Each structure stands twice: as C-alpha cells, then as structure tokens.
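All residue numbers refer to positions in the sequence shown, counting from 1. Note that the structure is a prediction, hence the values are computed from the model and not measured. Each ligand, and each atom within it, is numbered from 1 in the order the structure gives.
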Amino acid sequence: MQESETPAGGVFITLEGGEGAGKSTQVSRLAARLRARTNHPVVTTREPGGSPYAEEIRAAVLAGAAKPYGPFAEALLFSAARLDHLDRLIRPALVRGETVICDRFIDSTRAYQGAAGGLDPAVLNALERVVVGRTRPDLTLILDLPPETGLARAAARGEGQDRFEAEALSFHARLRAAFLDIAAREPGRCAVIDAAAEPDAVEAAIAATIAERLPALAGEGPRG
Ligand code: Z5A
C-alpha cells in the first residue's frame, strides 16, 4: 500500500447519488468539458472498480455474493476495492497533477452501508481513516432526484436489477436523505445538483459549480 498521507497535486472530483441519477452520463460530459479547456490529463474512473482487482470485487458484490454476510462485510469489500483503486490509479494520477473524476467514492459507503444499511458511522470513519487517509475529494457533486425517477431510469435500460437496485423503495429514500445529510454536514466539499432536470441542464449546473468552486480548473482556457 502506498503512503495514505501522500499529498495530492491534482484535483479530485467525485459524483454521488442514488440509482439512475445520471452520474455516469455527467462524468463523461464533465471530462469532455474539462479536456476541452485544460492542457493536462483528465482521468475518469468509478467505484466499486477502477483497477483490475477492484473490478473483480465489484462483480462479486453487485452479484450479491456478500449480501448474506451483512453491511459490514460489504463495507470491507468496498474498502478493499477502494484501497487498490487509490493505490494503483487515483493517488498516482493526483501526484502527477492530473484531474481525477470518480463515479462514486466514500459517500456511497456512508450512504449505502451506513445510513441505509445500518452500519455504525464510527466503524465507517475508522475504515475511511485507514483506507482513504488524506486523499479526500476536493469537490463532491451530489446528484439529487426522487428515487422513483432514478429507479425508473435504471429500469428503462432493461439490464435487470443488481443487488442494490433490488432493494425496497424505502431503502432508496434513506439513501437520498443520507446524501443530502452528507452535503449539509460538509458544504465546503459537497454541492447538491438537481439531477431530475434534462441532461443538458444538469451538465450546465455542474459546469457552473466547477466555475464557482474550482475556478482554476474551469478557467485555464482552451487547449492551445
Ligand atoms: N455501492 C455501495 O453500496 N457502496 C460503495 O461504497 C460503493 C458503491 C462505491 C454500484 O452500481 C453500486 O454499488 C451502487 C451503490 C453500490 N448501487 N447500485 N445499484 P453501479 O455503478 O452499477 O450503479 P450506479 O452507480 O447506481 O449507476 P447507474 O445505475 O448506472 O446510474 P448513474 O450512473 O447515476 O446514471 P446513468 O447511467 O448516467 O443514467 C441512467 C439512465 O438514465 C441512462 O439510460 C441515461 O441515459 C439516463 N439519464 C441520465 N441522465 C438523465 C437525465 N438527466 N434525464 C433523463 N435520463 C437520464
């Protein structure tokens, strides 16, 4: 494991929210927008996953392999995946001064295994300290929408339900409340985006937030 206290030179942005909130769509759009405006690399990645070992864990957890063992076992597996992802992809990219945009990160563990799954926040804090250390997002965009809308979008893809999409609506309502609570507790890091709007409007809201919160990133000018 690399030193978890490695200072990061790049910019670390995460997108969070419930199912079908449009995170993947907006990760791509934000990356394209930043690449058109900056002269340094922009890396997109996701959790769980983002490195070969973490992708293996992703496949097992989303298939429900750890569900019988409860939220603590799932949190440990997400943390093992995160440790590898941080070591192999995120920290090296940040040290090189790159911008990393990640689809889900620590707030998903807090919301899914913590608030919705019932895992003690003190346990999650301890895991975060060990696994994440100081590699915290500079900005977290919380894509907020009614869970019914997000689940309908996810269902419309016709790919079947994974372990979390199959949970009851009340679980997804707790997730939404958890993400909003995280944003309220950490307003310096988090910004809530209305994700029920059309994709172009969501993209514009994200661009405005980047301009406000990370002006150096937004204002480097077009690629020469
Ligand atoms: N999980 C966890 O429990 N603990 C953890 O620590 C971590 C994760 C890191 C990952 O699954 C699961 O792991 C996740 C939490 C759990 N739960 N689930 N399920 P995933 O990565 O496969 O699922 P997801 O993150 O929820 O992704 P998603 O369902 O693909 O949603 P999305 O990325 O937010 O949305 P999208 O793919 O961009 O859009 C969904 C559809 O809606 C698609 O057809 C789009 O074309 C459409 N879309 C997008 N934006 C819009 C707008 N604005 N209007 C209308 N339609 C739209």
Side-chain angles (χ1 to χ4, degrees), residues 14-32 44-51 54-55 57-67 69-86 89-90 101-119 121 123-125 127-128 131-132 137 140-169 171-172 174-176 178-179 182 193-206:
T14 56
L15 278 79
E16 299 275 8
E19 319 301 313
K23 299 176 301 300
S24 312
T25 303
Q26 297 300 332
V27 163
S28 302
R29 288 179 176 226
L30 176 58
T44 63
T45 188
R46 68 173 181 182
E47 289 210 345
S51 64
E55 290 289 335
I57 295 176
R58 175 191 178 89
V61 179
L62 295 194
K67 186 178 179 186
Y69 307 104
F72 185 42
E74 287 185 325
L76 289 175
L77 286 168
F78 283 120
S79 297
R82 183 163 300 139
L83 193 63
D84 193 64
H85 186 207
L86 280 161
L89 190 145
I90 296 175
I101 307 174
C102 189
D103 185 341
R104 296 195 182 280
F105 193 61
I106 47 173
D107 301 306
S108 285
T109 318
R110 292 182 191 178
Y112 280 77
Q113 284 67 55
L119 193 59
V123 172
L124 291 175
N125 282 342
L127 273 175
E128 274 185 26
V131 173
V132 178
T140 295
L141 300 160
I142 295 191
L143 271 54
D144 177 61
L145 82 176
E148 297 90 336
T149 309
L151 288 168
R153 285 185 193 168
R157 287 183 303 210
E159 294 170 356
Q161 292 182 318
D162 69 25
R163 179 251 175 279
F164 294 100
E165 283 165 0
E167 290 282 356
L169 191 58
F171 179 91
H172 295 282
R174 288 203 296 280
L175 286 177
R176 182 187 195 188
F179 282 121
I182 291 167
I193 304 289
D194 175 11
E198 289 302 308
D200 286 352
V202 179
E203 180 183 346
I206 289 175

Between [X] and ligand 1, does any nitrogen or oxygen pair lie at a separation below 3.5 Å?
X	result
Glu19	yes
Ala21	yes
Glu198	no
Ala154	no
Ala197	yes
Gly20	yes

Does some side-chain heavy atom of [Y] sit less than 4.5 Å from a side-chain heavy atom of [X]?
X	Y	value
Leu15	Arg104	no
Leu83	Phe78	no
Pro48	Ile57	no
Asp200	Arg29	yes
Ile206	Glu203	no
Ile106	Leu124	no

*Tell me which one of Arg153, Arg104, Arg110 gets a heavy atom nearest to atom 55 (C) of ligand 1.*
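Shortest heavy-atom distance from atom 55 (C) of ligand 1: Arg153.
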*Counting heavy atoms only, which of Glu159, His172, Arg157 is nearest atom 44 (O) of ligand 1?*
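The residue whose heavy atom sits nearest atom 44 (O) of ligand 1 is Arg157.
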*So, are Glu165 and Arg157 salt-bridged, with charged N and O less than 4.0 Å apart?*
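Yes, this pair counts.
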*Would you call Arg110-Glu128 a salt bridge at under 4.0 Å N-O?*
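Answer for the salt bridge query: yes.
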_I'd like to know whether Arg82 forms a side-chain hydrogen bond (donor to acceptor under 3.5 Å, both in side chains) with Thr109, so could you lay out the CA-CA distance, the side-chain angles of the two residues, the decisive distance to 0.1 Å, and finally the verdict._
CA-CA 10 Å; Arg82 183 163 300 139; Thr109 318; 2.9 Å; yes
Under 4.0 Å to a heavy atom of [X] - the qualifying atoms of ligand 1, by number:
X	answer
Asp162	11 (O), 18 (N), 19 (N), 22 (O)
Arg82	6 (O), 9 (C)
Lys23	24 (P), 25 (O), 26 (O), 27 (O), 31 (O), 32 (P), 33 (O), 34 (O), 35 (O), 38 (O)
Glu47	9 (C)
Gln113	2 (C), 3 (O), 4 (N), 5 (C), 6 (O)

*Measure the acute angle between the ring planes of Phe164 and Tyr112, then classify it against the limits of 30° and 60° as parallel, tilted or perpendicular.*
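Taking Tyr112 first and then Phe164, their aromatic rings stand perpendicular (interplane angle over 60°).
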*Measure Arg58 to ligand 1 on non-hydrogen atoms and call it side chain, backbone, both or neither using the 4.0 Å cut-off.*
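Contact part for Arg58 vs ligand 1: side chain (C-beta onward).
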*Between Leu62 and ligand 1, which residue portion shows a heavy-atom distance shorter than 4.0 Å: side chain, backbone, both, or neither?*
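Looking at Leu62 and ligand 1, just side chain atoms fall under 4.0 Å.
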Are any of the heavy atoms in [X] under 4.0 Å away from ligand 1?
X	answer
Gly17	no
Gln26	no
Gln161	no

Residues 140-147, side-chain donor-acceptor partners within the protein, below 3.5 Å, at least two apart:
residue, atom, partner, partner atom, Å
Thr140, OG1, Thr14, OG1, 2.7
Thr140, OG1, Arg189, NH1, 2.7
Asp144, OD1, Arg176, NE, 2.8
Asp144, OD2, Arg176, NH2, 3.0

Identify the closest protein heavy atom to [atom]: which residue and atom is it, and at what distance?
atom	answer
atom 35 (O) of ligand 1	Gly22 N, 3.1 Å
atom 33 (O) of ligand 1	Ser24 OG, 2.5 Å
atom 38 (O) of ligand 1	Thr25 OG1, 2.5 Å

*Is there a donor-acceptor pair closer than 3.5 Å between any side-chain N or O of Gln113 and the backbone N or O of Gly118?*
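Not confirmed, Gln113 side chain does not pair with Gly118 backbone.
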_Flag for Glu47-His85: side-chain donor and acceptor within less than 3.5 Å_ =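 There is such a pair (donor and acceptor under 3.5 Å, judged by atom type) between the side chains of His85 and Glu47.
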